[in-house]
Amino acid sequence: MIFQFPVPHNDELLGSVLARFISRQGIREDKVALELLFGSRNIVPSALLQGHLSDLSRQVWHLWPATNDEMLEKHSILPVFKSFIEPSRYAAICSDLAFDSKSHSMLKTGINASSLVFPAYYRYCPICFNEDMKQYAYSYWRRQFHLPGVTACLTHRCVLVNSEFDLKPSRRHSFIEASSLSTMSRPSAAEVCEKPMLVYLASNIDRLLHQPFPYISPDQWTAFYDARLREVGLKSTKGVEHHQVESLFSQYWGDRFLKECGLDLVGGVTWLQTFFRKHRKHFSYLHHLLCLQALFPNWKLNDVFSVASSIRVQSAKRVYSSSQADLRAPEYRAVWHDLKKENASLKDIRATREGVRVYSWLYRFDNVWLKENLPIPFKNNRGRIVDWKKRDLEVVRTLLKIRSNSFDDLSLPRMTQQWFITQTKMRWGIDKHLSKLPLCQRFFIKYTESIEEFQVRRVLAIIVNAINFNEPIPRPYEIERLAGLSEKRIREATRRIIRENFEMVSCFKLPT
């Protein structure tokens, strides 16, 4: 049972709260901390969207009586997406983070599919860190500092600094405390943010985190931006002046900042052109804020949501009617059957004049029958054919190089199959296609570490470290403690090496 738990600060990431708890308890083993906090050793922490909230609440409710929704609203980045996600999907994300064993929140919020570039490292404000250490003797991670688009601290108007700690560390089960910044080299002075537009952008993102703005549908956004473009003369009867819009947008933000956010204007049809057409999908908060600030600077965020939410969009499908429809339907159906025999796909049918005429009539007056009698969809596999033999060779060469570079590093985590795959930094799923990669299969069978091998390597690392620093070799029970091996989890091979075979080697004789 947990007998003490730190009081969370405003806007502190949940992972930061848990890291402070682990530090206060003096827990060195990640799995022990996970079992204490969540009741399970198989939890994978997430820096920005921590899941398994119901399990956490069950363990700390007597000390921190916060509901699952309060944890998400006050200690995660989820609220910034709330106004741009359907309410039903937002509720499903909250439920996943609270109760599901596997969370799909990164997928449902659109983070995985988005082009937005999230920080690779924890970020902090140097002045905030110094003030925290003076006031509390520790520091904590702020959630707003880790959102794309936020480059400045609103309190001190200074530029944020990247730490040395990965948001996705190689030790998947570890929590990183902000107070660890005191052990790394930090800038002696804070850099003042000289661009007011970046401070203003950070303040708008902060508002999205804290204010309950309403949900706006894609149709409402389309109508809103259409009216705004006409007001400023960027849209006429001929359409949107995309070149002028792009010129104003790039001039305001600069290519460097847009590239850092992942929203640079490259390629044929850019995202900016798609943004000012009909919204067939949701765009992220940063897409909206950048466009509003650059092109419509007189509009405040509260006014934008107030006007956009009041727009009433009629999305009813047009209904066609004809007094002769029932009489002529058999005739058109017979012609459609003939067209299906002569053509392989719907595209081929609509490429002919007769096909367009018949399809149009059936679509309007006999739509239900038409949907049931469409040709079998044509699947185009061009560009999807993969030379799996060639890919197998390329991947296994990469894996062998990783194995060679990491062979002498005793401090690495357990070299599992997933660890090797992560090191390749290949985005497609190697593990999902292993049946087509026989060389990779053999590599994983031969080189992945078993639990026994990993435990022996940890023991060896402690001994080698003692020799390198000319220190006495620890006793067996000290080695077990330093390696994090308990009586329940230590394997027989490791136990025999430490307890029986250790004293038999003369050069490693235990000190008296």
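Bear in mind the structure is a predicted one, so any value in this text is a computation, not a measurement.
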Assess, by modelled atom type and distance only, whether the side chains of Arg357 and Tyr332 contain a donor and an acceptor separated by less than 3.5 Å.
yes
Can you tell whether the side chains of Asp226 and Arg230 come within less than 4.0 Å, N to carboxylate O?
yes
Are any non-hydrogen side-chain atoms of Leu234 and Val240 less than 4.5 angstrom apart?
no
Side-chain heavy atoms of Arg391 within contact of Val395, under 4.5 Å
yes
Could you give me the CA-CA distance, side-chain angles and deciding distance for His210 and Asp11, then say whether side-chain hydrogen bond (donor to acceptor under 3.5 Å, both in side chains) is met?
CA-CA 9 Å; His210 295 93; Asp11 290 323; 2.8 Å; yes
Do Leu289 and Leu301 have side chains that approach each other closer than 4.5 Å (heavy atoms only, starting at C-beta)?
yes
Would His146 and Tyr121 count as having a side-chain donor-acceptor pair, cut-off 3.5 Å?
no
Can you tell whether the side chains of Arg228 and Glu231 come within less than 4.0 Å, N to carboxylate O?
yes
Return yes if a side-chain donor-acceptor contact under 3.5 Å exists between Tyr252 and Gln293, otherwise no.
yes
Testing the 3.5 Å rule here: is there a donor-acceptor pair between the side chains of His52 and Asp100?
no
Hey, is the main chain of Asn373 close enough, under 3.5 Å, to the side chain of Lys340 for a donor-acceptor pair?
yes
Going by distance alone, is a donor N or O of one side chain under 3.5 Å from an acceptor N or O of the other, for Asp206 and Ser203?
no
For His75 and Glu70, does a side-chain donor sit closer than 3.5 Å to a side-chain acceptor?
no
Side chain to side chain contact (heavy atoms under 4.5 Å, CB included) evaluation trace for Ser163 with Met184:
CA-CA 8 Å; Ser163 70; Met184 60 171 276; 4.2 Å; yes
With side-chain contact (heavy atoms from CB on, under 4.5 Å) as the test, pick out the partner of Phe175 among Leu34, Val17, Ile27.
Leu34
Does Lys281 count as lying over the ring of Phe283, i.e. NZ or CZ under 6.0 Å from the six-ring centre, within 45 degrees of the axis?
yes
Should the ring pair Phe257 and Trp253 be called parallel, tilted or perpendicular, given that the plane angle runs from 0 to 90° and is split at 30 and 60?
parallel
Main chain of Trp221, side chain of His288: is a donor-acceptor contact present, judged purely on distance under 3.5 Å?
no
Less than 6.0 angstrom from the centroid, inside 45 degrees of the normal: does Arg24 satisfy that with respect to the ring of Tyr138?
yes
Between Ser46 and Gln50, do the side chains contain a donor N or O and an acceptor N or O under 3.5 Å apart?
no
